[in-house]
Amino acid sequence: MCGTEQDTACVSKCTFSTEATGEKRSLSSDAIINLDHGDPTMLETYWRKMGDKCTVVISGYQSLSYFANTKNICWFLEPQLEEEVKRLHRVVGNAAVDDYYMVVGTGSTQLLQAALFALSPPDGSEPVSVVSAAPYYSCYPEVTDFLRSGLYKWAGDANAFDKDGPYIEFVTSPNNPDGTIREAIVKGYGGGKLVHDLAYYWPQYTPITSCAHHDIMLFTFSKCTGHAGSRIGWALVKEKEVARRMIKFMEVSTIGVSKESQIRAAKILGVISDSCLPVPPPDSINFFKFSQNLMVQRWDELREVVGHSEIFSLPEYPQDYCLFTGKFTETHPAFAWLKCNKDIEDLGKFLKGHKVLARSGRRFGSDPKYVRVSMVSKEEEFKLFLERLLAIQAPTNGNLK
Ligand SMILES: Cc1ncc(COP(=O)(O)O)c(C=O)c1O
């Protein structure tokens, strides 16, 4: 229970872990902890250890042209990036790359929009419905309806969708916010198009159980390596015509994608693949082992704190065999889908009162008794979050502390 010796032991263990990563405390003990965004700064420790391995030098005479490879239908895709993305997928075995067209985007957020454009019937009498099963990634409704497109329109929870005719379904697996492994929901009898958002289908988050080979698969550099600031995402697309329309969208919206970002991303992805070689380069540390260990450690610590509480609960995830690691593991999602079991109607508001910002379940088409909490923040923020959670006592007089 909270406030016992066991709890104190947990906090001191947490504090010890912060010291172990070499991070100095810079947040005051009453600072506001923002875990609303999934800002993946957790892996800064890994990349510091890699020293100069990822350093890229770009001279002033380079990268002048809009074009990267006029022989590729995705003419703004840097050949090194295509090569390193495909190499990493082959190393990990999480997605098929042979016979797929690769489209690079300014983050996978831009590719979500490109996919909506590419899959919408151009001559439809009304906007095509866009759905995803609740709880769904909160950006899907925002991105879909932001420009009030005449081509597509957000239609909400895929579980409740029963309209005849064409639709587009986002399938996110593992899912943001709740970490579940998902398949398409709508039984559309041929009228539906699927976009598989596989942002978290990497070994640090979940066992790799098969080599995905869907029609459109979206990945993001942000959640794979933690370099969200580079704004690189990629789509693997089976049909040439769909790829062509996505590329058209990219042309019109941003005339391609930053070459500097692509070159840096290629270098970093190469360093990851090298780290997984049977004989890795000197001073290399297996990226997926390192990042998976961190996720396991954080989830263990969070479960320990939540286990002492009568107020909160977390989803459980089944074990599965990971083809990449050769071990049975469970999912360790990038977000905790935290539920309040007491009479608190709005958990987001309640946690805000304890100086923890988390995204309300309402934003994901779900109940405000849930919040989504980032598990990929800096170590110091994560530890403070655990301390705050631990300090929230079970009711003794009907009120929560
Ligand atoms: C499921 C999912 N898809 C796509 C994205 C967008 O990633 P980015 O635009 O950083 O590539 C995110 C980011 O959080 C995500 O969680």
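A quick note: this is a predicted structure, and the numbers were derived from the prediction, not measured. Note that ligands are numbered from 1 as they come in the structure, with each ligand's atoms numbered from 1 the same way.
- When only modelled atom types and interatomic distance are considered, R231 and S258 share no side-chain donor-acceptor pair under 3.5 Å.
- Heavy atoms of S222 found under 4.0 angstrom from ligand 1 belong exclusively to the side chain.
- Checked by atom type, the side-chain pair N69/E82 shows no donor-acceptor distance below 3.5 Å.
- Of the protein's heavy atoms, Y137 OH, 3.2 Å lies nearest to atom 12 (C) of ligand 1.
- Contacts between Q110 and ligand 1, counted as non-hydrogen atom pairs separated by less than 4.0 Å, are absent for every part of the residue.
- Side chain of W202 to backbone of T225: no donor-acceptor contact under 3.5 angstrom is found.
- With 3.5 Å as the limit, one finds no donor-acceptor pair spanning the side chains of T45 and E379.
- Ranking protein heavy atoms by distance to atom 4 (C) of ligand 1, first place goes to S108 OG, 3.2 Å.
- For ligand 1, the polar-atom distance check against N176 finds a nitrogen or oxygen pair separated by under 3.5 Å.
- Summary of contacts: the protein heavy atom closest to atom 16 (O) of ligand 1 is Y200 OH, 2.5 Å.
- For atom 3 (N) of ligand 1, the closest non-hydrogen atom on the protein side is D197 OD2, 2.6 Å.
- Contact annotation: for F221 versus ligand 1, there are no heavy atoms closer than 4.0 Å.
- Residue K238 places its NZ atom among more than 12 non-hydrogen atoms of other residues, nucleotides or ligands, all under 6.0 Å distant.
- Heavy-atom separations between K223 and ligand 1 include at least one value shorter than 4.0 Å.
- Here T109 has heavy atoms under 4.0 Å from ligand 1 in both its backbone and its side chain.
- Proximity to T172 (heavy-atom distance under 4.0 Å) selects the following atoms of ligand 1: 1 (C).
- Side-chain atoms of D178 and Y370 include no donor-acceptor pair closer than 3.5 Å.
- The number of heavy-atom neighbours closer than 6.0 Å to NZ of K193, taken from other residues, nucleotides and ligands shown, is 12 or below.
- Taking distance alone, with nitrogen or oxygen atoms compared against 3.5 Å, T220 approaches ligand 1 more closely than that limit.
- F170 and Y137 have their aromatic ring centers separated by at least 6.0 angstrom.
- A donor atom on one side chain and an acceptor atom on the other are found under 3.5 Å apart for Q110 and T254.
- Residue G107 approaches ligand 1 through these ligand atoms, each under 4.0 Å from one of its heavy atoms: 9 (O), 11 (O).
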